[in-house]
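Side chains included, hydrogens not; waters and symmetry mates left out as well; all remaining heavy atoms used. In what follows, chains carry the letters A, B, and so on, assigned in the order in which the sequence lines appear, proteins first and then strands, with residues in each chain numbered from 1.
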Amino acid sequence: MLSIKYIRENIDLVKESAKNKNSDVNLDEIVKLDENRREIIKEADDHKAKRNVVSQAIAQKKRNGENSDQEISDMRMVSDKIKELDGDLKIIEEKLHSCLLYVPNVIHPSVPIGFDESDNVTIREWGELPEYSFGLQDHLEIGENLKLFDFKRASKISGSGFPLYTGIGAKLERSLINYMLDLHTEKHGYTELFPPFLTNRDATQTTGQLPKFAEDMYHIPADDLFCISTAEVPVTNIHKDETLLEDDLPKKYSAYSACFRREAGSYGKETRGLLRVHQFNKVEMVKFVKPEESYEELEKLLVDAEEVLQSLNLHYRVRALASGDLSFAAAKCFDIEVWAPGMQKYLEVSSCSNFQDFQARRGNIRYRRKSDNKVDFVHTLNGSGVATPRLMIALLETYQQDDGSVIIPKVLQPYLKADILLP
RNA sequence: GGAGAGGUGGCAGAGUUGGUUGAAUGCGACGGCCUCGAAAGUCGUUGUUUCGUUUUGGCGGAACCAAGGGUUCGAAUCUCUUCCUCUCCGCCA
């Protein structure tokens with residue numbers, strides 16, 4: 001979240017940013033609450049100062065064996081007043097805090113202003129659009145012919161949107177995960193984590209999924225735990241309430257997790273196959289960095305994610321998200337979209353975002369600066385590296401052959417222990 | 001699930017007849033001295049948040065000893081609730 005002080009001092013910028021993110025948050029109300037809050041603090045503090053002074057005097061008198069009944073009865077009234085003011089203050093601060101949780105992060109100056117995804121800007125493309133001399137199948141047909149998935153049986157188990165990978169399909173899924181984790185940990189220098197898949201309310205709030213997007217999360221009421229929608233949630237919270245050392249930054253983590261999304265409100269859209277599912281697998285990268293380096297680190301994060309697709313030789317493009325398409329917590333975001341020849345579509349497989357200190361403030365994740373020995377919030381970044389369902393789609397559709405087989409790219413072969421999928 | 005112990009500053013660790021305890025002591029960190037330099041030694045400094053004021057350096061106030069209530073003129077210290085950690089037992093993988 002943004003600090004009230006920052007909002008107070010940059011109210012026009014914050015309003016402009018919220019507007020460009022299509023947010024209807026009421027900032028005037030927040031400013032008013034803040035003014036009210038500071039008035040009460042001033043009054044309560046004055047009373048408390050008086051109480052502290054007189055309490056000392058009472059202590060002194062008691063030590064001297066003098067009577068202090070007068071002071072005590074005076075202070076009883078002051079104390080009542082303090083209680084009243086503190087009560088008022090608490091109500092206002094709770095209200096202010098819950099309002100602040102809905103203020104979106106400010107956008108970086110480099111973000112293209114626009115209403116929705118149609119205003120996103122392609123900043124580069126990689127590889128060639130593959131060409132084929134035969135009729136293409138989409139991933140559903142390929143998967144059926146090669147017996148890679150079984151959506152029908154999956155729906156008996158959990159309902160639609162929960163994929164069941166079978167046989168070599170299951171192994172291919174696992175191979176993709178292992179390959180990506182190895183790439184990021186062995187080549188890109190990320191520390192591997194295997195995090196919990198359920199998170200508590202507090203941790204889920206750090207990254208911004210709560211309170212605004214509660215509808216999209218699977219929730220377990222008995223324990224008030226949430227199924228993670230991305231490994232970003234547990235991994236970002238690894239340093240919650242910690243003060244890191246500047247020399248330890250940047251900290252880079254990579255983690256596999258299953259991801260759970262209710263996809264509320266998107267019924268009927270892209271419901272077939274692997275395109276939009278309630279549970280999927282993803283390898284995520286998370287970085288904790290110094291504020292002055294976060295945009296440089298964002299570029300590097302993007303490159304690390306791109307290498308997954310490059311090494312698999314899959315055509316893709318990188319898009320800079322327009323303000324209106326930017327997520328609530330992000331200051332800037334790039335999407336990577338891989339080409340799926342069978343569907344003739346670009347599919348989003350990764351979002352690489354800089355949250356600046358938005359999440360760090362919510363999670364109280366700080367570092368001690370060497371230059372002045374002060375503590376400050378770190379910047380957090382994360383990016384998918386990458387999500388498997390759409391990667392699987394692109395892979396199958398790109399490497400399909402006219403006999404129905406699918407060639408396996410070189411880097412995956414040691415993991416799958418096969419170089420081709422045959423019908 | 002049952003029984004017990006505990007949660008204090010960057011870390012370790014004092015502090016229960018409530019009253020100059022924001023908090024001893026040690027370590028760490030920073031600065032000075034010493035040294036060719038370093039170590040050792042020695043002297044000093046060293047939390048966060050927030051409100052007000054300001055010639056922006058500061059000055060003054062308030063709050064913070066897991067979290068939230070209660071008692072009291074006054075609570076790290078008494079009391080209640082919750083959370084978390086550890087040990088033992090039981091159950092399950």
Fill in: Nucleotide rU82(B), atom P - distance to CZ of R201(A) in whole Å
19 Å

Worksheet item: What's the verdict on salt bridge (Lys or Arg N to Asp or Glu O under 4.0 Å) for D28(A) and K32(A), showing C-alpha distance, side-chain angles and the deciding distance?
Response: CA-CA 6 Å; D28(A) 289 329; K32(A) 207 167 164 193; over 6 Å; no

Worksheet item: Taking atom C1' of rU21(B) as reference, at what distance in whole Å does atom CD of Q56(A) sit?
Response: 11 Å

Fill in: N52(A) side chain near rG61(B) phosphate (N/O to OP1/OP2, under 4.0 Å)
no

Discussion item. Please report the distance, rounded to the nearest Å, between NZ in K61(A) and P in rU20(B).
Written reply: 18 Å

Worksheet item: C1' atom, rG74(B) versus rG18(B): distance in rounded Å?
Response: 8 Å

Practice prompt. Write down the distance between NZ (K240(A)) and C1' (rC84(B)), rounded to a whole number of angstrom.
Written response: 14 Å

Discussion item. Ring-plane angle category for Y190(A) and H188(A), please: parallel below 30°, perpendicular beyond 60°, tilted otherwise.
Written reply: perpendicular

Discussion item. Rounded to whole Å, how long is the line connecting atom CG of D86(A) with atom C1' of rC64(B)?
Written reply: 13 Å

Worksheet item: Do the ring planes of H239(A) and F288(A) sit parallel (below 30°), tilted (30 to 60°) or perpendicular (above 60°)?
Response: perpendicular

Discussion item. Can you check the distance between rU72(B) and rU79(B), where both ends of the measurement are the P atom (answer in whole Å)?
Written reply: 16 Å

Worksheet entry | Set of residues satisfying ring-ring contact (aromatic ring centres under 6.0 Å, His included) with respect to F226(A), sequence neighbours excluded | H219(A)

Worksheet, complete the sentence: Separation of rA62(B) atom P from K90(A) atom NZ, nearest Å, is 23 Å

Distances for protein N/O vs nucleotides 49-55 of chain B N/O pairs under 3.5 angstrom?
from    : atom 1 : to     : atom 2 : distance (Å)
rU50(B) : O3'    : R37(A) : NH2    : 3.4
rC51(B) : OP1    : R8(A)  : NH2    : 3.1
rG52(B) : OP1    : R38(A) : NH1    : 3.4

Worksheet item: Without hydrogens or angle criteria, can the side chains of T199(A) and T204(A) be said to hold a donor-acceptor pair below 3.5 Å?
Response: yes

Worksheet item: Any side-chain donor-acceptor pair under 3.5 Å between S254(A) and H184(A)?
Response: no

Fill in: Nearest-angstrom distance, C1' atom, rU42(B) to rG68(B)
47 Å

Worksheet item: Which whole number of Å gives the distance between the C1' atom of rU71(B) and that of rA12(B)?
Response: 34 Å

Worksheet entry | Sidechain-backbone polar pair: T206(A) side chain, Q359(A) backbone, donor-acceptor under 3.5 Å | no

Worksheet item: For atom C1', what is the distance between rU25(B) and rA38(B), given to the nearest Å?
Response: 29 Å

Discussion item. Between rA93(B) and rA5(B), how far apart are the two P atoms, rounded to whole Å?
Written reply: 32 Å

Detail all sub-3.5 Å separations between protein N/O atoms and N/O atoms belonging to nucleotides 72-76 of chain B.
from    : atom 1 : to     : atom 2 : distance (Å)
rC73(B) : OP1    : R76(A) : NE     : 3.1
rC73(B) : OP1    : R76(A) : NH2    : 2.4
rC73(B) : O4'    : I72(A) : O      : 3.3
rC73(B) : O3'    : S79(A) : OG     : 3.4
rG74(B) : OP1    : S79(A) : OG     : 2.5
rG74(B) : O4'    : S55(A) : OG     : 3.4

Worksheet entry | Distance, C1' atom - from rA76(B) to rG15(B), rounded to whole angstrom | 8 Å

Practice prompt. Using distance alone, with no hydrogens and no angle criterion, decide if N67(A) and D69(A) have a side-chain donor and acceptor under 3.5 Å apart.
Written response: yes

Discussion item. Output the pairing pattern of RNA chain B as a dot-bracket string, 5' first, Watson-Crick or G-U wobble with both distances under 3.5 Å, | for cross-strand pairs, [ ] for crossing pairs.
Written reply: ((((((((.[[[..)...(.....]]]((((((.......))))))(((((((....))))))).[[[[[..)....]]]]])))))))....

Item to complete: Starting from P on rA63(B), measure out to CD on E93(A) and report it in whole angstrom.
Response: 14 Å

Practice prompt. Could you tell me whether the side chain of D357(A) and the main chain of F377(A) form a donor-acceptor pair under 3.5 Å?
Written response: no

Worksheet item: Just by distance, with hydrogens left out, do Q70(A) and D74(A) show a side-chain donor and acceptor under 3.5 Å apart?
Response: yes

Discussion item. I'd like to check the side chain to side chain contact (heavy atoms under 4.5 Å, CB included) partners of E246(A); sequence neighbours left out, ordered by chain and number.
Written reply: K290(A), Y367(A), R369(A), K370(A)

Discussion item. If I pick the P atom on rC64(B) and the same atom on rG70(B), what distance separates them, to the nearest angstrom?
Written reply: 14 Å

Worksheet item: For I82(A) and rG69(B), what is the distance between atoms CD1 and P respectively, to the nearest whole Å?
Response: 15 Å

Practice prompt. Kindly state each residue pair satisfying ring-ring contact (aromatic ring centres under 6.0 Å, His included) with at least one member in residues 84-110 of chain A, sequence neighbours excluded.
Written response: H108(A)-Y295(A)

